[in-house]
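The structure appears right after this line, and notes come after that.
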Amino acid sequence: MIRVNGSEREVSGVTVAALVAELGVPAGGRGVAVAVDGEVVPRGAWEATAVPEGAAVEIVTAVQGG
């Protein structure tokens, strides 16, 4: 189990890229920032970065508008 933006989720053995896709974040992830246990994960590292059991993940999406 991990915590995503404050909500618990059942996932295991996933990468940041797989988690973002599972959550339906728009393809390409432009305007999206991800942190795992307080460390920002650069977009180029999403495929190689595992999300460990018990991790706290924050996903932030930029929104345009005024």
* To do: Please identify each residue that fulfils side chain to side chain contact (heavy atoms under 4.5 Å, CB included) with Ala45, with sequence neighbours left out.
  => Val41, Pro42, Thr49
* To do: Please identify each residue that fulfils side chain to side chain contact (heavy atoms under 4.5 Å, CB included) with Glu53, with sequence neighbours left out.
  => Met1
* Structure fact -> For Arg9, the side chain to side chain contact (heavy atoms under 4.5 Å, CB included) test, sequence neighbours excluded, returns Ile2, Val4, Glu22, Leu23
* Structure fact -> Residues at least two apart in sequence or cross-chain that pass side chain to side chain contact (heavy atoms under 4.5 Å, CB included) with Ala18, listed by chain then number, are Val14, Thr15
* Asked: Of the non-hydrogen atoms in Arg43 and Gly31, which two are nearest, and what is the gap between them?
  -> NH2-N, 4.0 Å
* To do: Can you sort out the partners of Glu8 under salt bridge (Lys or Arg N to Asp or Glu O under 4.0 Å), two or more places apart, ordered by chain and number?
  => Arg3
Side-chain donor-acceptor pairs under 3.5 Å in residues 32-40, sequence neighbours left out?
from: Asp37; atom 1: OD1; to: Ala56; atom 2: N; distance (Å): 2.8

* Looking only at heavy atoms, what is the nearest atom pair of Gly6 and Glu58, with distance? -> N-OE2, 4.4 Å
